[in-house]
Amino acid sequence: MAVTIAKVYAPGEVERKWYARWLEKNLFTADPRSDKPPFSMVIPPPNITGSLHLGHALNNTLQDIMARFKRMQGYNVLWLPGIDHAGIATQNVVERRLKEEGMSRDALGREKFVERVWKWKEESEGTIINQLKRLGASCDWTRLKFTLDSTLSMAVREVFVRLYKEGLVYRGDYIINFCPRCSTALSDLEVEHAEKDSLLYHIEYPVKGGGSIVVATTRPETMLGDTAVAVNPRDSRYKAFAGKAVELPLVKREIPIIEDAAVDMEFGTGAVKITPAHDFNDFETARKHGLPCLKVMDLNARMNENAGAYAGLTREEARNRITEDLKKEGLLKKEEKYRLLLGVCYRCGTTVEPTLSKQWFVKVGPLAKPAIEAVEEGSIRFVPKSWEKTYFEWMGNIRDWCISRQIWWGHRIPAWYCEDCGRVTVETRDPSRCEACGSEKIAQDPDVLDTWFSSALWPFSTLGWPEETVEGGVFYPTSALFTSFDIIFFWVARMIMMGLKFKGDAPFRDVYIHALIRDAAGQKMSKSKGNVIDPLVMMEKYGTDALRFTLASFAAQGRDIKLAEERIEGYRNFANKLWNLARFALMNIEGAPLSPAAPEKLTRADKWIMTRLSSAIEEVSSSIDNYEFDTAAKAVYSFIWHELCDWYVELIKPDLRGERGGERKTFVEGLLINVIKDTLKLLHPFMPFITEEIYSYLPGVAAGIMEAGLPGPAGGYPEDADGMEVVMEVIRAVRNIRTEMNIPPGAALDCTAFTKNASLTGILREEEANIKNLARLRELRVSGAGERPKQAAFAVTRGIEVFVPLKGHVDIEKETLRITRELEKLSSEISDVDKKLGNRDFTANAPSAIVEKERGRLSLLMEKKVKLEAGAERIRGLR
RNA sequence: GGGCGGAUAGCUCAGUUGGGAGAGCGCAGCCCUUACAAGGCUGAGGUCACAGGUUCGAUCCCUGUUCCGCCUACCA
């Protein structure tokens, strides 16, 4: 009743089938009342606008490996999925769609617009969720969360209000980054810096009472808002001007010349114009010197009424007009080429405008302190540890966080302004009257909160906080967070601050920072470069398991991943190899009952593979526990391909053919199936689909592989395993001779092995059949001493001399060359070790174990050398 | 300006308390051996970027240099 399965593994259907079954059986659902130890993770929520890219694929593959692994280890696993509302990004997408319809959000109005976004959310959120399912992600979908869910919104309000009452959230006029295209304020983090070629303009400002001062600026259009000119007090060039005033050209306004040590005398002309309402530095300077602020642009980056004749122009137009006008007046002294760093919006790339504006802020200092300590004390651990430094760096210099956004999609700020007394009321529940004067004429702040404000609460808002929930008790703090380094500041740091503040405990124990994926040439993947590898296409083409395994294999800590399609193809081949291993096993078993463990019936080969399996299990387990997914993947790969398939299966083929008796056949069938079963379990977290599929075909399995426990390390039989390694080396030696001497693989050879070691002699005699089989020998003699065969090629391994007589067909030249080369290698090795042992400093200072090891090595090498030389001598005699 | 990371086989990368340099892919030769040609067997290939230092001993620790990459920053 041998089972036959297809010759080539076809992933597509298998994957869909199994994912559906896992869901049906609720295998991903966590039980907060379970008595198993908890293991929890929250997913980094993808944007609702998102579509699965390789970054998601890597992030979620690694999480899924961890989740599945822990589940099989007997943990009560909660992997909580969710989606982020992604304020600006989503609003942009919907606005673009409106524009295509000839509509605009302003024309539509806030309420209708938000309705429209919700509708779009309903349509599009399925996309990325289905893609995560396609990837095999074993998230607990019954607990899927969305950052705008009512419970999560409640958490946002609660946090905002509590911070406000403690004075950690405040509202004030400060200079902030404003994106004129998205028409909203941004936090410092949401501004990216791009180098751009520009000009440095030298403009002459006439000084009242005679003379003039030339300032250098990259932004001539903001001169309309200048409220001072600053020079360094140590600058002798301008000493005479200090305290005087200049007349601002074009607008003819009088502004003072002030002294400030922060002015760099070397740069430009050493004189700088101060525009407090449109420059971060100048804003600080103005505060220091008590200068007024004058806004000359509105939020759309158009010049406003304060710009006089230039009102209504865009900032670009204004720059042109102003430089022209200055030129006409002979006040533009110089334009030099200059490369500057420009702040651009991280969502749309538009140049941001620093603008004085009334916004809400979080006072971060008091929150940052415990967050720094938590990492210092080790209650939160970054993996790899090197990221802690990055974290400290940023947290140590953190500035207040601008959290209000002038958009409509997001959590509305729970603040109401009173029309009568002007006071603000901040409450978790919508108030009906002003808390100060009781007036009912109150209106809610139109702004919404930074999306990252709600993301910061993710690890506990998703568990039901501020309600006390069972989940919150069991699964908080979460065990690990998986993310990439680019959002350590945006997200990780803020989660730590909020978790500590509101839960009194870190949101997670481990922060695993994984790689960023680049293309094969090391370039960041981007649609415009056309070098994007689409994970969905790869999954269709090579199978999800192949993609997952590739990502895991390349997930070395602290390094970016350069991915090429050929890699995925390679691991597709691995999947097929595994498939054929199963195919072979199923073709050969007669459906016999599984043999119980019977150590006395185990052959050396059996013990070897069991030992290797056990050590693979150990290595995979410890690697995963240390987030070394690449090491784990390589260990299981190498075991399956190079030990189980290359050696064990080849070793037992005669048994399975019944050549060594019916009892042995039955026994080895059972053993092979057991080994495959455990191997599949070990591989399952990496390749969930193919392992589940194969597992289902194996005899004697009741439940699915997901429900099976992971085998524990069994220890094995190290001595027998080592004996088997000797056998393998002898086989390799014969194979090598065959290849080197150009003997066809099929030609039958004889072999004589000489060793004085009784235990080796025993092993070789016992394994005669296996050696003959795999080295393709007609005869194998094992001898302690005696005449070495003439006309024979030979090799030395583990002190065993392996002779392969070639009956007058030995190519003497070739064999001489082969032995000579071998001897050369050996000699250089010997001289290295010799030199080391000859060094008295070494023998005196090195640990005795090391010295002994070197001595042992030397004697082995010497022994081998003697034997090789004797062989070379014999061959010379043949000439 | 400050900080971090990297430089090991043709390519991509491992190398975890300093003690015999590894893998995958690629390449070369031979093989359609009834699991798999998406395969098997065998093999070639490396002054571990450079220069110093510590040490009996350095790919590994320290210093400096060169070249890449990234993060961060208020020289307008």
Side-chain angles (χ1 to χ4, degrees), chain A residues 5 7-9 193 200-201 215-219 222 230 262-275 279-285 338 340-341 354 384 386-387 389-390 393-394 397 485-486 488-489 516 518 520 522 524 542 546 553-554 556-564 566-567 569-588 626 628 630-631 634 637-638 642 645-646 649-650 653 657 731-732 735-740 742-746 774 776 829 832-833 836 839-847 849-851 853-854 857 861:
Chain A
I5 60 177
K7 194 169 170 179
V8 171
Y9 174 58
H193 298 274
L200 189 62
Y201 303 85
V215 300
T217 181
T218 54
R219 301 206 58 195
T222 64
V263 176
D264 184 349
M265 297 191 292
E266 309 296 318
F267 187 86
T269 61
V272 56
K273 66 190 210 45
I274 303 296
T275 321
D279 185 283
F280 280 87
N281 283 327
D282 296 357
F283 182 73
E284 287 306 314
T285 310
Y338 186 68
L340 80 160
L341 270 183
S386 54
W387 289 108
K389 195 161 180 181
T390 307
E393 189 90 15
W394 188 68
N397 302 309
F485 68 85
D486 51 341
I488 289 179
F489 304 148
L516 215 63
R518 298 167 184 284
K524 234 176 171 171
Y542 301 110
S553 301
F554 278 77
Q557 288 182 8
R559 208 186 252 272
D560 287 346
I561 298 178
K562 292 182 194 169
L563 192 68
E566 299 86 82
R567 307 280 157 243
E569 191 183 351
Y571 289 109
R572 185 270 318 257
N573 295 354
F574 172 59
N576 195 50
K577 184 78 182 174
L578 179 73
W579 181 255
N580 275 284
L581 166 68
R583 179 166 178 262
F584 170 79
L586 293 170
M587 275 165 57
N588 279 283
N626 291 317
E628 290 163 350
D630 57 324
T631 311
K634 277 163 190 163
Y637 177 97
S638 162
H642 298 307
C645 291
D646 286 354
V649 165
E650 296 304 324
K653 274 181 178 172
R657 285 194 295 261
I731 293 167
R732 274 195 209 102
R735 284 172 172 174
N736 178 293
I737 287 171
R738 199 186 278 275
T739 300
E740 298 276 321
N742 285 331
I743 298 161
L774 295 188
R776 297 203 156 214
E829 258 186 272
D832 283 352
V833 183
K836 201 179 230 180
N839 183 346
R840 218 165 268 156
D841 289 326
F842 173 70
T843 48
N845 293 316
I850 298 291
V851 178
K853 200 173 147 195
E854 290 297 311
R857 203 179 136 215
L861 290 170

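Just so you know, these numbers use all the heavy atoms, side chains as well, and skip hydrogens, waters and symmetry mates. Chain letters run A, B, ... following the sequence lines, proteins first and then strands; every chain starts at 1.
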Review point. So, is Lys653(A) near the phosphate of U33(B), with a side-chain N or O under 4.0 Å from OP1 or OP2?
Key: no
Practice item. Report the nucleotide, chosen from C71(B), G19(B), U42(B), that has the shortest atom-to-atom distance to any side-chain atom of Thr739(A). Key: U42(B)
**Study point:** Check: Asp841(A) main-chain N/O paired with Asn839(A) side-chain donor or acceptor under 3.5 Å
**Key:** yes
Review point. Rounded to whole angstrom units, what separation is found between the CG atom of Asp832(A) and the P atom of U47(B)?
Key: 15 Å
Review point. With sugar-phosphate meaning primed atoms plus P, OP1 and OP2, does Val833(A) contact a base, only sugar-phosphate, or nothing at under 4.0 Å between heavy atoms?
Key: nothing
Check your understanding: At under 4.0 Å between heavy atoms, what does Thr390(A) touch on the DNA or RNA strands: base, sugar-phosphate, or nothing?
Key -> nothing
Review point. If you check the Glu628(A) side chain, which of U16(B), A73(B), G20(B) turns out closest?
Key: U16(B)
Point to revise | Whole-angstrom distance between A73(B) and C4(B), as gauged at atom C1' | key: 15 Å
Review point. Should Arg572(A) be listed as having a side-chain N or O under 4.0 Å from OP1 or OP2 of A38(B)?
Key: no
Check your understanding: Which nucleotide in the set G20(B), C36(B), A76(B) lies at the smallest distance from any side-chain heavy atom of Glu854(A)?
Key -> G20(B)
Practice item. Using the P atom on both, measure A28(B) against A44(B) and round to a whole Å. Key: 16 Å
Review point. Which nucleotide in the set C36(B), G40(B), U72(B) lies at the smallest distance from any side-chain heavy atom of Phe489(A)?
Key: U72(B)
Check your understanding: Is the shortest side-chain N/O distance from His193(A) to OP1 or OP2 of C71(B) below 4.0 Å?
Key -> no
**Study point:** Residue Ala846(A), side-chain atoms from C-beta onward, closest of C11(B), A73(B), G19(B)
**Key:** G19(B)
Check your understanding: How do Lys634(A) and Pro744(A) order along RNA chain B: which one's closest nucleotide is nearer the 5' end?
Key -> Lys634(A)
Review point. Does Asn576(A) put a side-chain nitrogen or oxygen below 4.0 Å from OP1 or OP2 of G39(B)?
Key: no
Review point. What is the nucleic acid contact for Arg776(A), judged by heavy atoms within less than 4.0 Å: base, sugar-phosphate only, or nothing?
Key: base
Check your understanding: For C56(B), which nucleotide in any strand shown is its Watson-Crick or wobble partner with both distances under 3.5 Å?
Key -> G19(B)
Practice item. Using heavy atoms to find the nearest nucleotide of RNA chain B for Val8(A) and Ala262(A) separately, return the residue whose nucleotide is more 5′. Key: Val8(A)
Exercise for review: Answer yes or no: are there more than 12 heavy-atom neighbours, outside Arg657(A) itself, under 6.0 Å from its atom CZ?
Suggested key: yes
Point to revise | Exam field: side chain Asn580(A) to backbone Asn576(A), donor-acceptor pair closer than 3.5 Å | key: yes
Exercise for review: Kindly state whether the ring of Tyr571(A) and the ring of Tyr542(A) have centres lying under 6.0 angstrom apart.
Suggested key: no
Review point. How many Å lie between CZ on Phe574(A) and P on G40(B), as a whole number?
Key: 12 Å
Review point. So, is Tyr338(A) close to the A76(B) phosphate, meaning a side-chain N or O under 4.0 Å from OP1 or OP2?
Key: yes
Review point. Could you give the OH-to-C1' distance, from Tyr571(A) to C13(B), as a whole number of Å?
Key: 10 Å
Practice item. Calculate the interatomic distance between Phe485(A) atom CZ and C71(B) atom P; express it in whole Å. Key: 6 Å
Review point. Roughly, in whole Å, what's the span from CG in Asn573(A) to P in G40(B)?
Key: 10 Å
**Study point:** Separation of atom CZ in Arg735(A) from atom P in U33(B), rounded to whole Å
**Key:** 16 Å
Exercise for review: Would you indicate what Leu340(A) reaches in the nucleic acid, counting non-hydrogen atoms under 4.0 angstrom: base, sugar-phosphate, or nothing?
Suggested key: nothing
Revision key, fill the gap. Picking from G3(B), U12(B), A35(B), the nucleotide nearest the side-chain atoms of Glu393(A) would be G3(B)
Check your understanding: Given that both distances must come in under 3.5 Å, which nucleotide forms a Watson-Crick or G-U wobble pair with G43(B)?
Key -> C27(B)
Point to revise | Lys389(A) side chain near C71(B) phosphate (N/O to OP1/OP2, under 4.0 Å) | key: no
Check your understanding: Looking only at side-chain N and O atoms, does Lys273(A) come under 4.0 Å of OP1 or OP2 in A76(B)?
Key -> no
Check your understanding: Quantified in whole Å, what is the C1' atom distance between nucleotide G24(B) and nucleotide U66(B)?
Key -> 30 Å
Check your understanding: For atom C1', what is the distance between U8(B) and A14(B), given to the nearest Å?
Key -> 10 Å
Practice item. Fit a plane to each ring of His642(A) and Tyr637(A), take the angle between them on a 0 to 90° scale, and name the class: parallel (under 30°), tilted (30 to 60°) or perpendicular (over 60°). Key: perpendicular
Point to revise | Exam field: side chain Arg583(A) to backbone Ile5(A), donor-acceptor pair closer than 3.5 Å | key: yes
Review point. How would you label the contact of Asp264(A) with the nucleic acid (heavy atoms, under 4.0 Å): base, sugar-phosphate, or nothing?
Key: base
**Study point:** A37(B) and C31(B), which share atom name C1', separated by this distance in whole Å
**Key:** 11 Å
Practice item. Remember a base hit wins even if backbone is also touched, and classify Phe554(A) as base, sugar-phosphate or nothing at under 4.0 Å, heavy atoms. Key: sugar-phosphate
**Study point:** Lys653(A) charged N/C atom sitting above Phe584(A) aromatic ring, 6.0 Å / 45°
**Key:** yes
Point to revise | Under 3.5 Å on both distances, the Watson-Crick or G-U partner of C48(B) | key: none
Review point. C56(B), G19(B), A37(B): which one has an atom nearest the side-chain heavy atoms of Asn845(A)?
Key: C56(B)
Review point. Within this structure, what is the OH-to-P distance between Tyr542(A) and A38(B), rounded to whole angstrom?
Key: 13 Å
Point to revise | Nucleotide opposite A73(B) in a Watson-Crick or G-U pair, distances under 3.5 Å | key: none
Exercise for review: Tell me which nucleotide among C56(B), C11(B), C36(B) gets nearest to the side chain of Arg567(A).
Suggested key: C11(B)
Practice item. For G26(B) and G64(B), measure between their C1' atoms and round to the nearest Å. Key: 37 Å
Check your understanding: If we take the C1' atom in both A58(B) and U54(B), what is their distance in whole Å?
Key -> 10 Å
**Study point:** Residue Val272(A), side-chain heavy atoms: nucleotide from G19(B), A76(B), G24(B) that is nearest
**Key:** A76(B)
Exercise for review: Say whether, by atom type as modelled, one donor and one acceptor occur between the side chain of Asn397(A) and the main chain of Glu393(A) under 3.5 angstrom.
Suggested key: yes
Review point. Taking the same atom, C1', in C70(B) and in G53(B), what whole-Å distance lies between them?
Key: 30 Å
Check your understanding: Is the backbone N or O of Ser553(A) less than 3.5 Å from a side-chain atom of Arg567(A), with the two atoms forming a donor-acceptor pair by type?
Key -> no
Revision key, fill the gap. Checking A76(B), A35(B), G19(B) against the side chain of Arg583(A) (C-beta onward), the nearest is A35(B)
Review point. Can you check the Glu566(A) CD to C11(B) P distance for me, whole Å?
Key: 15 Å
